[in-house]
Amino acid sequence: MASPTLIRIADIAAHEGEQVLLQGWVQARTGKGRLHFIRLRDGSGIVQCVAFRHEMDEDGFALARALTQEAAIRVSGEVRRDERAPGLPGGYEVGVQRLELVGAAEEYPITPKEHGVEFLMDRRHLWVRSSRQWAILRIRATIVSAMRNWLDDEGFLLVDTPIITPAAGEETTTLFDIDYFGEQAFLAQTGQLYNEANIAAFGKVYCFGPTFRAEKSRTRRHLLEFWMLEPEIAFCTLEELMELQERFISHVVGTVLEKHSQELALVGRDTTALERIKAPFPRISYDEAVERLHALTSTIEDAEQRELLAIEHGEDFGSPQETAIAEQFDRPVFVYHYPTAVKAFYMEPLAERPELCRSVDLLAPEGYGEITGGSERIHDLALIEERVAQIGLPREAYDWYLELRKYGSVPHSGFGIGLERTVAWICGLPHIRESVPYARMLNRKSP
RNA sequence: UCCACAGUAGCUCAAUGGCAGAGCAACCGGCUGUUAACCGGUAGGUUCCUGGUUCGAGUCCAGGCUGUGGAGCCA
């Protein structure tokens, strides 16, 4: 008998008829007397191992009988093709000849039956082993690499921005503050201000890292710690920014569809909605969005519903408004030229209507809300100084940022995309907490 | 911060104000094709906490705690 080769389950199809060695964890076991089925998980995939009494020594079979969920084992045997075999990729099973226990498992709390949210989130360190969570986190990793690869290929440079910062990026109400040897500092809520410095060195840059917002919001779309990717481009207009974003998003969705049909099936995602995600995306102005909402509201009979969607021109959209607008399209929709007053201080006002600014949000379909937010930035020194003063931000903290406008200031634009919201949308998750390995929320900082 | 709902076995849930229950998991036994197997058996309870009403409270009342869904805020 040939000595077995150690393989990963993902590659099992290439080893049909061969003696192989697998190492992993028992996802499930069912006994049939002299026959036991062991569903083995090794991180790359899932395969059914079949232990027949007559094919094994007595100790090995006794072990197979006694295996508990999540026991760590090594299995060697022959790879067979069998249509009945479940798993990932599936269709193959291993006839067990030798079995070795590497690490025993006590009674595992996450059984194959249903569990509540709190129970699972308390055991997130174990829950990541479950198929659905495994699939989501694999898709998340692909989304990250697709985003970065696309930007790298487009000539962007990754330039990391600091996580500990001396000042708020945008406002001061939602920052985590930390003790910086007796001085106050904050965890970054954006890398954008630094990106604006970096474009003058590199032209097109992006930063990607965790950002922190101490918002007391408790919704299915919010985390206190989330990952954001922020491209920034010199000599770029709002229109060019939208064009860039739609190509970027289309590429990311396309990559996931291409690489993860199995994972999307595991999470129960209807991929026809994703296959429509191709540039160009519809674009509507804030003015038009408000008109659409007014038109929609006038057709609604239910007073409570109407109240929820009510909006005055000049107000920002809430979740119900965002969802209602996005529902009118089958692809992500750009909403541009928001009121200056509801947006960040650095956004360029429209020359002809300064109460509006050259901003754009991208609203994902199916109620996933805003996944990107961006704008053209103010590049005029006097105007940005005025805005900093107006907003009441401490001038000293922004000295370096304002100084950028003194040395070759150019029109420039950028956007930020929330990774977790993107993952939630692409995977069709009901709640953002499943889109990140270890969620940080209002009532949760552990595990 | 506001609104709504919930908390009973390890898990998911039942129980008209009147004996604390089921399925799954665990444990013991059976089964050569299971897919969240099936069949028989065993064990498993501070009904979230504090107080109140009542002959009697898991159930009704008050306060609190925790969680869930939504709003606001945002990516």
Side-chain angles (χ1 to χ4, degrees), chain A residues 27-39 46-55 61 65-66 68-69 80 82-87 90-91 93 95 105-123 130-131 169-171 173-174 189-192 210-230 304 307-310 315-323 342-344 361-364 367-374 415-425 430-433 435-436 441-444:
Chain A
Q27 192 180 52
R29 181 189 62 81
T30 72
K32 290 283 296 179
R34 294 188 179 80
L35 164 66
H36 286 265
F37 297 98
I38 303 160
R39 209 154 70 231
I46 299 163
V47 71
Q48 172 168 279
C49 303
V50 188
F52 281 107
R53 184 174 203 167
H54 69 90
E55 290 178 355
F61 187 76
R65 275 182 61 123
T68 55
Q69 193 185 348
R80 303 190 289 247
D82 193 313
E83 288 303 317
R84 293 169 297 185
E93 63 183 26
E106 295 177 19
E107 187 181 341
Y108 191 65
I110 302 178
T111 64
K113 293 280 179 179
E114 331 92 69
H115 300 284
V117 169
E118 187 187 9
F119 180 83
L120 290 167
M121 286 302 286
D122 282 344
R123 289 159 187 80
S130 300
S131 298
E170 295 168 5
E171 286 129 45
T173 52
T174 61
Q189 61 173 1
T190 172
Q192 189 218 303
T211 52
F212 306 88
R213 304 208 178 162
E215 287 159 2
K216 296 225 164 168
S217 47
R218 223 186 61 79
T219 81
R220 65 171 77 179
R221 331 174 159 178
H222 284 86
L223 295 167
L224 301 189
E225 175 185 297
F226 67 97
W227 285 67
M228 188 158 63
L229 184 140
E230 296 174 277
E304 209 170 300
E307 175 62 25
L308 213 56
L309 285 175
E315 291 175 343
D316 202 0
F317 300 135
S319 308
Q321 287 91 358
E322 278 183 2
T323 302
V342 303
K343 288 292 180 184
D361 285 356
L362 183 64
L363 308 184
Y368 284 94
E370 182 184 345
I371 52 170
T372 81
F415 70 96
I417 177 164
L419 176 62
E420 286 76 12
R421 280 196 188 168
T422 307
V423 173
W425 164 50
H431 197 294
I432 199 166
R433 63 186 158 228
S435 69
V436 59
M441 298 181 297
L442 202 52
N443 298 320
R444 178 164 304 278

### Task
Using the P atom on both, measure B:rU59 against B:rA20 and round to a whole Å.
13 Å

### Task
Among the candidates B:rU68, B:rA26, B:rA75, find the nucleotide nearest to the side-chain atoms of A:Val117.
B:rU68

### Task
Could you tell me which residues satisfy salt bridge (charged side-chain N to carboxylate O under 4.0 Å, His left out) with A:Arg218, sequence neighbours excluded, listed by chain and number?
none

### Message
Using the salt bridge (charged side-chain N to carboxylate O under 4.0 Å, His left out) criterion, which residues pair with A:Arg84? Sequence neighbours excluded.
### Response
A:Asp82

### Message
My understanding is that only residues two or more places apart in sequence, or in another chain, count here; which of them pass salt bridge (charged side-chain N to carboxylate O under 4.0 Å, His left out) with A:Arg65?
### Response
none

### Query
Taking atom P in both B:rA57 and B:rA22, what distance in whole Å separates the two?
24 Å

### Check: A:Arg218 side chain, B:rC2 base, donor-acceptor under 3.5 Å
no

## Note on the structure
Contacts of A:Gly373 and A:Gln69 projected onto RNA chain B by closest heavy atom; the upstream (5') one is A:Gln69

### Whole-Å distance separating the NE2 atom of A:His115 from the C1' atom of B:rG67
17 Å

### Query
What integer number of Å spans the C1' atoms of B:rC24 and B:rC38?
14 Å

### Summary
Protein heavy-atom contacts under 4.0 Å, written 5' to 3' over nucleotides 30-46 of chain B as B (base), S (sugar-phosphate only) or - (none), form the string SBBBBBBB---------

### Query
Does B:rA62 pair with anything, Watson-Crick or G-U wobble, both distances under 3.5 Å, and if so, with which nucleotide?
B:rU50

### Message
What is the distance, to the nearest angstrom, from the CG atom on A:Leu442 to the C1' atom on B:rA71?
### Response
14 Å

## Note on the structure
Rounded to the nearest 0.5 Å, the CD atom of A:Gln321 sits from the CG atom of A:Leu363 at a distance of 11.0 Å

### Donor-acceptor pair between A:Thr174 and A:Gln189 side chains, under 3.5 angstrom
yes

### Query
Separation of A:Lys343 atom NZ from B:rC73 atom P, in whole Å?
12 Å

## Note on the structure
Taking a pair to mean Watson-Crick or G-U wobble geometry with both distances below 3.5 Å, B:rA57 pairs with none

### Query
Whole Å only: how far is the CD1 atom of A:Ile110 from the P atom of B:rA26?
14 Å

### Task
Applying salt bridge (charged side-chain N to carboxylate O under 4.0 Å, His left out), name anything that partners A:Glu322, two or more places apart in sequence or on another chain.
A:Arg221

### Message
Could you work out, with side-chain hydrogen bond (donor to acceptor under 3.5 Å, both in side chains) as the rule, every residue matching A:Arg123, not counting sequence neighbours?
### Response
none

### Message
Need one value for A:Thr219: base, sugar-phosphate or nothing, where a base atom within 4.0 Å counts as base even if backbone is also close, heavy atoms only.
### Response
base

### Message
Less than 3.5 Å apart, any donor N or O on the side chain of A:Thr111 or A:His115 sitting next to an acceptor on the other?
### Response
yes

### Message
Over all strands shown, is A:Arg433 touching base, sugar-phosphate only, or nothing at heavy-atom distances under 4.0 angstrom?
### Response
sugar-phosphate

### Task
Could you pull out the closest heavy-atom pair between A:Glu420 and A:Trp227, with the gap in Å?
OE1-N, 3.0 Å

### Query
Taking N and O atoms by type only, does the side chain of A:His222 place a donor or acceptor under 3.5 Å from a partner on the base of B:rC74?
yes

### Message
For a quick check of understanding: with a heavy-atom distance under 4.0 Å over all strands, which category does A:Leu223 fall into, base, sugar-phosphate or nothing?
### Response
base

### Task
Quote, to the nearest angstrom, the P distance that separates B:rC39 from B:rA25.
11 Å

### Query
What integer number of Å spans the C1' atoms of B:rG58 and B:rA9?
14 Å

### Task
With P as the reference atom in both, quote the distance from B:rU53 to B:rC65 in angstrom, rounded to an integer.
24 Å

### Task
Could you check how far CD of A:Glu118 sits from C1' of B:rC48, rounded to whole Å?
11 Å

### Message
Would you measure the distance from the P atom in B:rG44 across to the matching atom in B:rC60 and give it in whole Å?
### Response
29 Å

### Message
Looking at B:rG40, which nucleotide sits across from it as a Watson-Crick or G-U wobble partner, both distances under 3.5 angstrom, or is there none?
### Response
B:rC28

#### Entry: Same-atom distance (C1') from B:rA43 to B:rU1, integer angstrom
48 Å

### Message
For a quick check of understanding: with a heavy-atom distance under 4.0 Å over all strands, which category does A:Ser319 fall into, base, sugar-phosphate or nothing?
### Response
base

#### Entry: Identity of whatever pairs with B:rG67 - Watson-Crick or G-U, under 3.5 angstrom
B:rC5

### Value in whole Å for how far the P atom of B:rA9 lies from CD of A:Glu107
15 Å

### Query
For atom CD of A:Glu307, is the number of surrounding heavy atoms from other residues, nucleotides or ligands below 6.0 Å larger than 12?
no

### Rounded distance (Å) that lies between atom P of B:rG7 and atom CZ of A:Phe119
18 Å

## Note on the structure
note: A:Leu419, atom CG; B:rA75, atom P; distance rounded to Å ~ 15 Å

### Query
Closest nucleotide of RNA chain B for A:Met228 versus for A:Leu308: which of these residues is on the 5' side?
A:Leu308

### Query
Base, sugar-phosphate alone, or nothing: which one does A:Thr111 contact when heavy atoms must sit under 4.0 Å apart?
sugar-phosphate

### Query
B:rG23 pairs with which nucleotide, Watson-Crick or G-U wobble, both distances below 3.5 Å?
B:rC11

